[in-house]
Amino acid sequence: MSTVMQKIKDIEDEMAKTQKNKATAHHLGLLKAKLAKLRRELLTPTTKGGGGAGEGFDVTKSGDARVGLVGFPSVGKSTLLNKLTGTFSEVASYEFTTLTCIPGVITYRGAKIQLLDLPGIIEGAKDGKGRGRQVISTARTCNCILIVLDAIKPITHKRLIEKELEGFGIRLNKEPPNLTFRRKEKGGINFTSTATNTHLDLDTVKAICSEYRIHNADITLRYDATADDLIDVIEGSRVYTPCIYVVNKIDQITLEELEILDKLPHYCPVSAHLEWNLDGLLDKVWEYLNLTRIYTKPKGMNPDYEDPVILSSKKKTVEDFCDRIHKDMLKQFKYALVWGSSAKHKPQRVGKEHELEDEDVVQIIKKV
């Protein structure tokens, strides 16, 4: 482990010393590829005893979505969890109170949201320091991340945590790179672009590919992609997670300071201790999770508005709805009746590929 960490430090030092210009782009691309491979090794170290992947906190996923609280020690994550969920996570004014991952559940707008208080992250977590690897392994499974920051301490904490999460392949508030990478049997590296490139040229692309021992591939860019974007696609293990910056302890700063913080994108000010703006935070979490509530309507009865079926924004067809209720439902499926914003008329008779919208009402008609 220490040798991998030393190699990571050596590469980071070399990158810091290297001037960024067209002449060094090729060399920096190669260093970034080496760095990505070493970080992957840290996250999933191989051991002779067959231990396998980096040990997480092994919290069973429950509810409709999972939200992780990440932050430096003593920023108020435990207080926030206690106030939002009623789960007891030890609170103290000294650092590193939470040493295991503590789950709680919020029921909000009919959805059950699992909230995880991850132990205080420290600088260097991505390089295996502290319990950083377990924290970040669990953070990778979250549908949304709340980075909790202390309003009194400088916003540099934000940059440090972002760097730690980025180092372990968590991309915050980003879309996957719009480029195509396809391996092939022969023909070398074929590099084409439909946009002007200022970061990547054929030599840099070949250098990155050769670091991964890829000698034959078709690569197509549709925008001005960077070496990091290409590495992310080759690695294929990146997670793209919405993130909210929760600035806590706002009761201890001035109105002028609050206005400066207000310019941050993806930001939500709170005071967990005084319970200020916790409703606003839950609204923002709901918005970022982008969940879809579907109400069921048994034949001849009124819709059940108390217990919606919760679907993700990416999987919200009638087929996904049936799967969520029971895996055998599709075998008996004939058609569905839908009321709501996805229906052209009410009710609309639809098949299983029909895309549902938030707060639609669905009645499933089974084969006789």
Side-chain angles (χ1 to χ4, degrees), residues 1-45 123-129 132-133 136 140 156 158-184 187-241 243:
M1 183 69 72
S2 58
T3 56
V4 174
M5 283 164 64
Q6 187 55 50
K7 284 178 187 172
I8 285 173
K9 189 183 180 307
D10 293 344
I11 290 174
E12 284 180 335
D13 290 347
E14 191 177 343
M15 284 170 69
K17 281 186 264 180
T18 306
Q19 279 191 325
K20 287 181 181 144
N21 54 47
K22 275 195 172 179
T24 60
H26 169 96
H27 179 59
L28 281 169
L30 195 59
L31 290 175
K32 284 175 177 177
K34 286 180 192 287
L35 197 58
K37 283 169 68 183
L38 288 167
R39 291 228 176 102
R40 173 169 22 103
E41 216 175 298
L42 263 186
L43 187 59
T44 53
E123 200 178 341
K126 69 182 186 306
D127 303 328
K129 291 179 190 170
R133 190 160 70 234
I136 296 180
R140 282 175 65 90
T156 47
K158 171 180 176 280
R159 293 196 194 99
L160 290 170
I161 292 169
E162 283 172 340
K163 191 182 171 194
E164 296 304 321
L165 296 174
E166 285 270 329
F168 257 152
I170 299 172
R171 303 290 176 255
L172 303 173
N173 296 325
K174 287 182 183 173
E175 291 295 318
N178 187 11
L179 63 91
T180 307
F181 173 82
R182 190 174 59 82
R183 293 180 193 242
K184 56 186 183 179
I189 301 292
N190 182 29
F191 174 58
T192 55
S193 177
T194 57
T196 309
N197 281 328
T198 59
H199 304 288
L200 286 173
D201 56 25
L202 183 58
D203 286 342
T204 307
V205 169
K206 281 183 172 175
I208 291 168
C209 288
S210 82
E211 180 59 33
Y212 285 95
R213 296 186 179 155
I214 297 165
H215 306 295
N216 303 293
D218 289 331
I219 298 156
T220 308
L221 306 187
R222 293 180 192 84
Y223 70 113
D224 192 8
T226 63
D228 293 312
D229 295 335
L230 178 58
I231 290 163
D232 281 355
V233 171
I234 293 172
E235 282 279 338
S237 60
R238 304 307 188 223
V239 290
Y240 296 85
T241 310
C243 169

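All values below were derived from every heavy atom in this structure, side-chain atoms included, with hydrogens, water molecules and symmetry-related copies excluded. What you see is a predicted model; the values in this text were computed from it and never measured.
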Indicate the atoms forming the closest heavy-atom contact of [X] with [Y], along with that distance.
X	Y	value
G187	N216	N-OD1, 3.3 Å
Y212	K37	CE2-CG, 3.5 Å
V205	I189	CG1-CG2, 4.0 Å
N173	C243	OD1-N, 2.7 Å
E14	T18	O-OG1, 2.6 Å
I208	A33	CG2-CB, 4.2 Å

Which distance, rounded to the nearest 0.5 Å, do you find between the [atom1] of [X] and the [atom2] of [Y]?
X	Y	atom1	atom2	answer
I219	S193	CD1	OG	11.5 Å
E235	D228	CD	CG	11.5 Å
L28	I11	CG	CD1	11.5 Å
R39	S237	CZ	OG	12.5 Å
C209	I234	SG	CD1	4.5 Å
H27	M15	NE2	CE	9.0 Å

Positive for side-chain hydrogen bond (donor to acceptor under 3.5 Å, both in side chains) with Y223, one of N178, T194, D229, T196
D229
Take R238 and I231, measure what side chain to side chain contact (heavy atoms under 4.5 Å, CB included) needs, and give me the verdict at the end.
CA-CA 10 Å; R238 304 307 188 223; I231 290 163; 4.2 Å; yes
Any heavy-atom pair between the side chains of [Y] and [X] that's under 4.5 Å?
X	Y	answer
K34	K7	no
R159	T156	yes
N197	F191	yes
D218	T220	no

Side chains of T180 and R222: donor-acceptor distance under 3.5 Å anywhere?
yes
Apply salt bridge (Lys or Arg N to Asp or Glu O under 4.0 Å) to K32 and E166, showing your working.
CA-CA 13 Å; K32 284 175 177 177; E166 285 270 329; over 6 Å; no
Is any NZ, NE, NH1 or NH2 atom of the basic residue among D13 and K9 found under 4.0 Å from an Asp or Glu carboxylate oxygen of the other?
yes
Regarding E162 and K174, does a basic nitrogen lie under 4.0 Å from an acidic carboxylate oxygen?
no
Only one of L172, L165, I170 clears side chain to side chain contact (heavy atoms under 4.5 Å, CB included) with V239; which?
I170
